[in-house]
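Okay, so here's the structure we're looking at.
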Amino acid sequence: MAFVANMVSLVLYFYMEMHFDLPGSANTLTNLMGSTFLLSIIGAFVSDTYLNRFNTALIFGLLEILALVMMTIQAHDPSLLPSPCNKSSCVKGGKAAMLYTSLCLLALGSGGVRGTLPAHGADQFDHRKDPKEAKALASYFNYLLLSSTMGAAVGVTVVVWVSVSIGWWRGFLVCAAVNSFGFSVLVLGKFFYRFQSPTESPIIRIAQV
């Protein structure tokens, strides 16, 4: 939900609050989206090779929450926002450092979670030995798609409305709160999960070919 809501609304945030020009706002958002999807490879590599998928998802999830908290603070405090300057970008100094640090953490965290969490869910089904679990695995991906779609629908309607109409910091706060709740629920189920031990990453095997 938070990812889709931010991808839809951030171009307006960059334009209206950070005072980028319109091409700069669109370009910054495009770079953020591209980085997020590319960094999902990093999350998958770490989970396959060094950490299990549960721990990797938590680490990257914390980075994502930290990014949203930083964005909430910056959007809430007028002293951390730039003034209009009639240039392509008005963000400089510490304000720019805070903005780009939060965006980098958001891309890294969101990408890492996207590369590990769905696979962690699939690990809970032994589809090779149990036909019932193989059927349940198919249902899991159906429900995963359904929940992702429903979350995206809420994100692009409710969260975007909150951001644009009530306050950008409130929109980021809602995203941070929802993410924190989701990862808290994930942690509560730790003792019931099946964990796959890290092995050689498929990325390494592909690179060796």
Side-chain angles (χ1 to χ4, degrees), residues 1-20 25-40 42-43 54 56-82 91 95-118 120-121 143-189:
M1 183 191 80
F3 174 78
V4 176
N6 287 325
M7 294 306 105
V8 170
S9 64
L10 276 179
V11 67
L12 293 177
Y13 176 69
F14 296 146
Y15 181 69
M16 298 169 63
E17 299 296 320
M18 291 298 168
H19 303 295
F20 286 81
S25 301
N27 187 52
T28 303
L29 179 60
T30 301
N31 292 339
L32 175 64
M33 293 180 65
S35 299
T36 300
F37 286 107
L38 285 175
L39 288 170
S40 64
I42 302 298
F54 174 79
T56 305
L58 284 184
I59 292 172
F60 283 101
L62 289 174
L63 294 178
E64 184 178 8
I65 293 171
L66 175 60
L68 292 169
V69 169
M70 291 177 63
M71 295 174 72
T72 302
I73 294 172
Q74 186 168 28
H76 182 261
D77 189 347
S79 66
L80 298 176
L81 296 174
V91 186
K95 299 173 184 178
M98 187 170 186
L99 173 64
Y100 289 116
T101 298
S102 63
L103 293 180
C104 289
L105 288 175
L106 183 64
L108 181 60
S110 299
V113 170
R114 293 174 68 86
T116 56
L117 200 54
H120 172 64
Y143 283 115
L144 176 64
L145 179 59
L146 176 63
S147 61
S148 299
T149 303
M150 292 178 63
V154 173
V156 299
T157 53
V158 177
V159 178
V160 172
W161 177 81
V162 169
S163 298
V164 175
S165 302
I166 301 179
W168 288 100
W169 72 270
R170 287 186 172 90
F172 295 140
L173 182 62
V174 169
C175 293
V178 171
N179 275 22
S180 299
F181 175 76
F183 284 107
S184 298
V185 173
L186 179 68
V187 171
L188 291 176

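Remember, predicted model here, so these are calculated numbers, not experimental data.
- In this structure, L186 and L117 have side chains that are in contact, with non-hydrogen atoms separated by less than 4.5 Å.
- Between R114 and E64, the closest side-chain pair of non-hydrogen atoms is not below 4.5 Å.
- Note that the CD1 atom of I65 and the OG1 atom of T72 stand 11.5 Å from one another [nearest 0.5 Å].
- Within the 4.5 Å cutoff, the side chain of F20 has no heavy atoms near those of the N27 side chain.
- H19 is not listed as a side-chain neighbour of V91, based on a closest heavy-atom distance of 4.5 Å or more.
- T116 places none of its side-chain heavy atoms less than 4.5 Å from the side chain of F54.
- Contact annotation: the side chain of V158 never approaches that of V174 to less than 4.5 Å [non-hydrogen atoms, C-beta and beyond].
- Within the 3.5 Å criterion, the main-chain N or O of F37 finds a donor-acceptor partner in the side chain of S40.
- In this structure, F14 and L29 approach most closely via the heavy-atom pair CE1-N, 4.0 Å.
- Within the 4.5 Å cutoff, the side chain of F60 has no heavy atoms near those of the L39 side chain.
- The local environment of OH in Y15 is sparse, with at most 12 non-hydrogen atoms from other residues, nucleotides or ligands closer than 6.0 Å.
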Under the side-chain contact (heavy atoms from CB on, under 4.5 Å) rule, what do L103 and T28 come out as? Steps first, then yes or no, please.
-> CA-CA 10 Å; L103 293 180; T28 303; 4.1 Å; yes
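- Taking every heavy atom of both residues into account, L108 and L63 meet most closely at CD2-CD1, 3.7 Å.
- Here OG of S35 is found 11.5 Å from CD1 of I42. Values are rounded to the nearest 0.5 Å.
- Distance alone, capped at 3.5 Å, is enough to place a donor-acceptor pair between the S102 side chain and the L99 backbone.
- Annotation for Y143: atom OH does not count as buried by contact number, only 12 or fewer foreign heavy atoms lying within 6.0 Å.
- Scanning all heavy atoms of the two residues, the minimum distance from T56 to G43 falls at CG2-O, 3.6 Å.
- The CD1 atom of I73 sits 10.0 Å away from atom CG of L173, with the distance rounded to the nearest 0.5 Å.
- The CG atom of L66 lies 8.5 Å from the CG atom of L62; values are rounded to the nearest 0.5 Å.
- No side-chain donor-acceptor contact under 3.5 Å links S110 to the backbone of A107.
- Taking all atoms of both residues into account, the shortest heavy-atom contact from Y13 to M71 is OH-O, 4.3 Å.
- Residues W168 and L81 form no side-chain contact, since every pair of their non-hydrogen atoms from C-beta on lies 4.5 Å or further apart.
- Scanning both residues, V160 and S9, for their nearest heavy atoms gives CG2-CB, 4.1 Å.
- The nearest pair of heavy atoms linking K95 to Q74 is O-NE2, 3.1 Å.
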